[in-house]
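The chains referred to below are lettered A, B, ... by the order of the sequence lines, with proteins before strands, and numbering in each begins at 1. The figures that follow rest on heavy atoms only: side chains count, while hydrogens, waters and symmetry mates do not.
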Amino acid sequence: MEIASVIVDVPTKQTDRAFDYLIPDQWRETIQPGMRVIVPFGPRNIQGFVVELKKESELKQLREIIEPMDLEPVLNKELLALGNWLMETTLCFKIFAYQVMLPAALKAKYEKMVKLAPGVGLDSLPSPLRAFFSKDGKLDWVDALKNGIVSLLQKETAKGHLEVNYIVKEKVKKKQRKYIRPHVPLAALKEEMERLPANAEKQKQVLNYFVEHFTAVELRLLVAEVNATASTVKALVGKKLLAEEEMEVYRDPYEHRTFERTKPLPLTKDQQIAIVPILNALEQNLHEVFLLYGVTGSGKTEIYLQSIQEVIEKGQEAIVLVPEISLTPQMVNRFKGRFGDLVAVLHSGLSAGEKYDEWRKIQRKEVKVVVGARSAIFAPFENLGIIIIDEEHETSYKQEEMPRYHARDVAIERAKTYSCPVILGSATPSLESFARAQKKVYHLLSLPSRMNNQPLPAVEIIDMREELREGNRSMFSRKLFEMLKDRLEKQQQSVLFLNKRGHSSFVMCRDCGYVMNCPNCDISLTYHRVNEQMKCHYCGYESFVPKVCPECSSEYIRYFGTGTQKVEDELGKILPEARIIRMDVDTTGRKGSHERLLRDFQDGKADILLGTQMIAKGLDFPNITLVGVLSADTMLHLPDFRASEKTFQLLTQVSGRAGRHQLPGEVIIQTYTPEHYSVELAGTQDYDLFYQQEMMIRKTHHYPPFYYLSLITVSHDQLLAVVTATEKIVNYVRLRLSDAAVILGPAASPIPRINNRYRYQCLIKYKREPNLTKTLKTILDQYQKDTKSGLQVSIDVNPFILM
DNA sequence: AGCACGCCGACT
DNA sequence: GTCGGCGTGCTC
């Protein structure tokens with residue numbers, strides 16, 4: 001095998017195919033599919049993935065691979081095939097499909113350098129250039145651009161005085177540490193020690209260290225231990241008495257923490273019933289998807305843990321997916337506590353290097369379990385025994401950029417190849433999954449009651465319109481205020497939940513109704529108190545807050561919407577004695593602050609925890625007896641067919657934070673639409689009724705789970721061009737699909753303009769369209785190929801956000 | 001994505 | 001007549 005097919009790191013339609021390269025003799029045995037290689041591509045050198053080895057190519061003139069970047073493949077056979085599947089199902093470029101499966105650290109960094117050609121002296125260059133090359137004869141292209149000397153450089157390059165180098169670099173190096181070990185047997189070492197001259201006192205001490213500890217030791221530890229210097233050690237290495245070597249060490253984000261080991265807990269009756277089919281599937285190596293439907297606090301995690309235990313005992317591996325926001329220390333503790341060092345953790349809080357190290361542990365089979373957010377589904381295990389997706393309904397499992405995959409789909413695809421079970425766990429399953437369970441596509445397992453039979457908290461829904469009518473204009477209903485005060489007196493803790501961040505969301509004139517919009521995008525600007533500015537979340541546009549209304553010059557221009565900061569201020573006024581911890585993106589930005597805030601709350605350093613999304617999950621403290629939702633309907637009015645589902649899930653989720661232990665819990669939900677079924681049914685925590693109601697609505701409106709969706713979005717800086725192109729696309733789709741498909745559009749996107757580009761879309765609803773993928777591919781082919789029209793077409797198969 | 005090649009306007 | 005603008009097309 002002397003030819004390698006390579007997918008190059010150039011994400012365009014035209015290069016979205018394999019390119020053949022000759023493998024130089026010295027790499028013939030080394031290079032394998034799944035390895036990264038550096039290849040020449042046009043005038044540059046870039047990274048690529050070897051996908052195939054072959055004997056012949058249709059092309060005569062092949063260029064040679066420059067060098068491999070790995071000693072062993074980073075993508076095994078299974079992952080290479082999975083990449084293909086990803087590309088087919090999400091319609092993305094091959095290179096994206098491969099890159100998404102690897103830690104970001106393995107993505108190449110490129111550098112372009114100009115240096116003096118060999119044998120050319122500095123004086124050959126024109127004088128203005130000499131200074132740039134006087135140091136080491138090299139110049140970074142970025143610096144050349146900054147200094148505006150590019151054309152001068154090009155002239156010299158043409159003359160052969162300079163040459164351009166393209167360098168492919170690793171983003172993150174393996175962390176190496178220098179280790180020193182004895183190079184001669186112990187007896188020889190002793191002998192040499194005696195023979196050293198008397199003035200070599202330090203060297204003697206170093207050798208003596210090795211006589212006492214005849215093993216490798218890290219250089220800096222050795223130096224500290226015997227109070228020597230590195231040069232002393234070096235001298236001994238020079239005498240060949242000691243040897244030095246580089247060893248890879250891991251950056252361990254949990255290095256200084258100990259985990260209390262836990263034993264499997266006895267299962268409740270419900271848990272025992274639920275786990276049997278899972279253990280059965282494990283025993284028989286059956287691929288089966290289980291939907292573990294259990295109310296909050298019903299002990300789903302223990303089922304995961306014991307299933308994993310079984311998998312490990314079989315010598316297999318497990319992947320556990322957890323939504324990013326609930327990847328809390330508490331969650332990590334539960335897994336590390338049970339399986340100790342066999343667990344790798346992957347989440348966004350880790351640095352690129354730390355993520356890479358965790359990934360290396362998986363690759364080197366040093367761990368058996370990986371707990372992580374969405375992308376952990378690509379963990380390079382080769383003997384998977386089970387995949388668990390906790391909080392299965394979470395929307396964060398869908399990636400919103402290329403490749404737009406859903407972790408649940410990837411999980412099922414991988415589990416099929418390994419013939420192993422998948423567990424989807426949730427207290428509020430997504431309608432898609434629950435419907436599949438009803439149709440027996442998934443195996444439904446229920447945990448209907450909380451462990452130790454704690455009742456679910458009592459939920460009260462407060463109509464905020466009523467409050468307003470009775471003259472209460474604050475954001476706290478009288479009832480909620482009373483209860484907060486009551487908990488304060490009883491020294492119990494409360495959690496207040498708000499579905500927004502920042503201070504206020506938008507600025508509106510109370511006289512003429514003017515709302516500040518982004519000039520580039522058709523959405524309102526968001527007020528940020530930190531820098532007193534209005535900001536656009538889509539294009540980054542910033543502007544100052546107007547003192548008077550730009551439209552009518554009224555001074556009554558106010559902030560609308562409520563953010564955590566504002567609630568905190570307000571709370572400080574009405575309950576000055578309360579100690580409050582605020583948790584949102586602003587206060588948890590720094591590494592570890594999330595953890596610290598939670599610990600403070602757990603230690604009773606605050607009475608009220610106020611926060612957004614991130615406190616809805618995983619929070620499990622005994623002293624919380626009150627949960628307040630300040631406004632339940634903030635999400636309800638989004639242009640999203642899942643708005644009701646999300647509202648119901650969130651409210652149920654938040655309510656579950658109260659009274660998980662001895663003390664009973666109460667929940668207050670404030671809303672302006674108490675009659676809405678998703679609010680009402682969250683109040684009674686009746687998932688089954690919600691499911692039925694919502695299914696009816698989905699059915700009449702042709703939405704999932706009754707129909708699949710695909711969304712085509714077209715954008716261009718000219719409105720007319722977008723409409724025309726979208727129209728063409730819609731017609732084409734109509735022509736190719738059956739009459740059973742519902743094709744909507746062309747219609748303006750819910751955000752009609754982003755960054756001065758108009759956006760139109762076509763929404764396809766369908767049940768079975770064997771022609772669809774081919775049709776969508778053709779459309780992408782057409783529009784991605786020609787870059788000159790300026791049209792951008794993107795396709796989301798099974799979109800979660802219709803914007 | 002880069003970069004080279006190539007064909008038309010403002011300079012020595 | 002040349003330098004340089006960026007439109008078009010290619011990269012094994």
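- Relative to the ring axis of A/Phe133, A/Arg130 does not place its NZ or CZ within 45° and under 6.0 Å from the centre.
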Under 4.0 Å protein heavy-atom contact, by nucleotide of nucleotides 7-12 of chain B - B base, S sugar-phosphate only
------
Checking side chain to side chain contact (heavy atoms under 4.5 Å, CB included) for the pair A/Gln47/A/Tyr110: CA distance, chi angles, key distance, verdict?
CA-CA 9 Å; A/Gln47 192 193 60; A/Tyr110 298 108; 3.4 Å; yes
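- The environment of A/Tyr708 atom OH is sparse: at most 12 non-hydrogen atoms of other residues, nucleotides or ligands sit within 6.0 angstrom.
- Judged by a 6.0 Å distance limit and a 45° cone about the ring axis, A/Arg642 is positioned over the six-membered ring of A/Phe800.
- Using a 4.0 Å heavy-atom cutoff across all strands shown, A/Lys112 reaches sugar-phosphate atoms only and no base atom.
- When the options A/Leu82, A/Thr89, A/Leu86 are evaluated for a side chain to side chain contact (heavy atoms under 4.5 Å, CB included) with A/Glu413, the one that passes is A/Leu82.
- Separating the CG atom of A/Asn165 from the C1' atom of B/dG2 is a distance of 16 Å, rounded to the nearest angstrom.
- The pair A/Lys365-A/Glu317 does not count as a salt bridge, with every side-chain nitrogen at least 4.0 angstrom from each carboxylate oxygen.
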Using the rule given for side chain to side chain contact (heavy atoms under 4.5 Å, CB included), can you reason through A/Tyr732 versus A/Thr778, listing the C-alpha separation, both sets of side-chain angles and the distance that settles it, and then say yes or no?
CA-CA 10 Å; A/Tyr732 179 71; A/Thr778 318; 3.5 Å; yes
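- Note on A/Tyr166: a side-chain N or O is less than 4.0 Å away from OP1 or OP2 of B/dC3.
- Among the heavy atoms of the strands, none lies under 4.0 Å from A/Phe93.
- Atom CD in A/Gln47 sits roughly 14 Å away from atom C1' in B/dA1 (whole-Å rounding).
- When rounded to the nearest whole Å, the span between CG of A/Leu145 and C1' of B/dG2 equals 12 Å.
- Between A/Ile743 and A/Cys762, the shortest heavy-atom distance links the atoms CG2-SG, 3.8 Å.
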For nucleotides 2-12 of chain C, give me one character per nucleotide, 5' to 3': B if any protein heavy atom sits under 4.0 Å from the base, S if the only such contacts are to the sugar-phosphate, - if neither.
------S-BBB
